[in-house]
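Since this is a predicted model, take the numbers as computed values, not measurements.
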Amino acid sequence: MRHAALLVLAVALLAATVPTGVAVAQSDSAPTGGDVVLGAHVQPDGDARWHVSVRYVLNDSAERDGFERVASDFEAGDVGPSVTPFRAAADTASARTNRTMEISDVTRRHDVSERGDGAPVGTLTLAFTWTNFANVTQDRVEVDGVFESGWLGDLNAGQTLRVYPPDGYRAESWQPSAQRADGALTWRGPQTFGDGGPKMVFVRDAGLPWYLVGGLVALALGVGVAGAYVWRGFGGRGSLEVRNRRETDAAEPDEAPSPPDRAAPDDADDDGAEGAPDAGVDDAAGAAAEGEPEELLSDEERIERLLRENGGRMKQGDIVSETKWSDAKVSQLLSAMAEEGRVEKLRIGRENLISLPDAEEQ
């Protein structure tokens, strides 16, 4: 396999610092054989944020101590890979693509984490921004000839290249064949690239995937059905309670409105001429009430009819028995009618005698 100077420097310079120098001088054990991951996070404007990481499994406390000392020197810029080879590659690619490129925002950091099996892993990471790394045209971001001339080289075992699409974009095409891992196009060594290096095209994502849209539609339908069921069961227009009330209202006819209160007749003149018309009106009203169906009469008119049918006088208890009304309702009706002059109440012992005003004349 062919290996360009950049990848050799990025890996070998960092790896060489672990077993030598300060770490070896202070410890008989140091981590070796680290895995290398080169990750490029492409941005919508064509820039790319790079992370060059070397990961070591720390088998014991001595190796961890050695890693911490090397990491301190790495972050100070005294050991480890430099951005100089990447700047040289950016200058070459800039001349070839006619895009002004530069390396900026360089940082160094380290961390220790646990692998899935619980083993501690120490990582040294060199990060930087490569401007104009990709060519941007409307809805396309293309990593075209930036890898040409073979500056990346081939990947050995334990070495990985990952290129992440910009936010809101997806990979439309790429070469050579790559895996998809964590949303990135991934090449794992051993991997041979041609002189042109890897190439890829990212396009703006048109929207949600069809299966996600279908899921949202199904969810909305489910919520709508559940909402309709709850609405019908708890007070909606179609609820059982409302339907029952409608059926009850339809089965029971409205009560006829009570006739306007009739004023007591004025005292007649001595000759009785003015009293005759009023008496005729009352008689006519009584006759009309006698001929009306009972369900069309007001409560007061029913009591008046009942009194007429019983000679104009009845005990209050008998009225309760005949009407099947409660004592309270009958008492209230009779009190109101007595105040209006429609009946007269006479207390006899422990019971009231109810009579029509003209009962004695009958």
Identify whether Trp325 and Leu334 are in the same connected component of the hydrophobic contact network (ILVMFWY, side-chain heavy atoms under 4.5 Å).
yes

Evaluation steps, side-chain contact (heavy atoms from CB on, under 4.5 Å), between Val141 and Val136
CA-CA 5 Å; Val141 176; Val136 179; 4.2 Å; yes

Heavy-atom side-chain proximity of Arg180 to Trp174 below 4.5 angstrom:
yes

Nearest-0.5 Å distance that lies between atom CZ in Arg55 and atom CG in Asp111:
8.5 Å

Evaluate the criterion side-chain contact (heavy atoms from CB on, under 4.5 Å) for residue pair Val146 and Asn132; output intermediate values, then yes/no.
CA-CA 10 Å; Val146 71; Asn132 288 321; over 6 Å; no

Side chains of Leu126 and Val106 in contact at under 4.5 Å (non-hydrogen atoms):
yes

For the atom pair CD (Glu63) and CG (Asp60), what is the distance rounded to the nearest 0.5 Å?
4.5 Å

Would you indicate whether the side-chain heavy atoms of Glu172 and Arg204 approach each other to under 4.5 Å?
no

Transitive ILVMFWY side-chain link Val52 to Leu124, under 4.5 Å
yes

Taking the side chain as everything from C-beta on, heavy atoms only, tell me whether Pro165 gets closer than 4.5 Å to Arg170.
no

Determine whether Phe193 and Trp50 fall in the same hydrophobic cluster, where Ile, Leu, Val, Met, Phe, Trp and Tyr are linked whenever their side-chain heavy atoms lie under 4.5 Å apart.
yes

Report yes if some heavy atom in the side chain of Val42 is under 4.5 Å from a heavy atom in the side chain of Val163; otherwise report no.
yes

How about Phe147 and Phe133: are their ring centres within less than 6.0 Å of each other?
yes

How about Glu142 and Thr137: do any of their side-chain heavy atoms sit closer than 4.5 Å?
no

Kindly compute the distance separating CD (Gln43) from CZ (Arg49), expressed to the nearest 0.5 Å.
9.5 Å

To the closest 0.5 Å, what do you measure between CD (Glu301) and OG (Ser298)?
3.5 Å

Smallest separation among heavy atoms of Asn135 and Arg99, with atom names:
CB-NH1, 3.4 Å

Euclidean distance, Gln332 CD relative to Ser326 OG, rounded to 0.5 Å:
7.5 Å

Rounded to the nearest 0.5 Å, how far does CG of Asn310 lie from NZ of Lys315?
12.5 Å

Has Thr323 got a side-chain atom pairing as donor or acceptor with Ile319's backbone, closer than 3.5 angstrom?
yes

Shortest non-hydrogen contact between Tyr164 and Asp182, atoms and distance
CE2-O, 3.6 Å

Check the angle between the aromatic planes of His41 and His51 and answer parallel, tilted or perpendicular using the 30° and 60° thresholds.
perpendicular

Set of residues satisfying side-chain hydrogen bond (donor to acceptor under 3.5 Å, both in side chains) with respect to Glu322, sequence neighbours excluded
none

State plainly whether the residues Lys345 and Glu339 are in salt-bridge range, i.e. N to O under 4.0 Å.
no

Is there a side-chain contact between Ile303 and Leu333 (heavy atoms, below 4.5 Å)?
yes

Over all heavy atoms of both residues, which pair between Glu148 and Trp151 is shortest? Give the atoms and the distance, please.
O-CD1, 3.6 Å

For the backbone of Glu102 and the side chain of Thr131, can you confirm whether one donor and one acceptor N or O come within less than 3.5 Å of each other?
yes

Can you tell me if Arg109 has over 12 outside heavy atoms packed within less than 6.0 Å of its CZ?
no

To check you understand the geometry: which heavy-atom pair defines the closest contact between Leu155 and Leu161, and what is its length?
CD1-N, 3.9 Å

Test side-chain contact (heavy atoms from CB on, under 4.5 Å) applied to Lys329 and Asp299, step by step:
CA-CA 10 Å; Lys329 178 177 180 179; Asp299 292 341; 3.5 Å; yes

Cluster question for you: counting only ILVMFWY and a side-chain heavy-atom cut-off of under 4.5 Å, with indirect links fine, are Val37 and Val112 together?
no

Group every Ile, Leu, Val, Met, Phe, Trp and Tyr by side-chain heavy-atom contacts under 4.5 Å, then state whether Val343 and Leu306 land in the same group.
yes

Taking all non-hydrogen atoms of both residues, which atom of Pro198 and which atom of Pro176 are closest, and how far apart?
CA-CD, 4.0 Å

Chi angles and distances behind the side-chain contact (heavy atoms from CB on, under 4.5 Å) call for His110, Glu68
CA-CA 9 Å; His110 82 283; Glu68 291 292 344; 3.2 Å; yes

On a heavy-atom basis, the closest approach of Trp130 and Ala90 is CZ2-CA, 3.5 Å

With a 4.5 Å heavy-atom cut-off, do Thr160 and Asp35 have their side chains touching?
no

Pairing of Arg342 and Glu300 as salt bridge, 4.0 angstrom limit
no

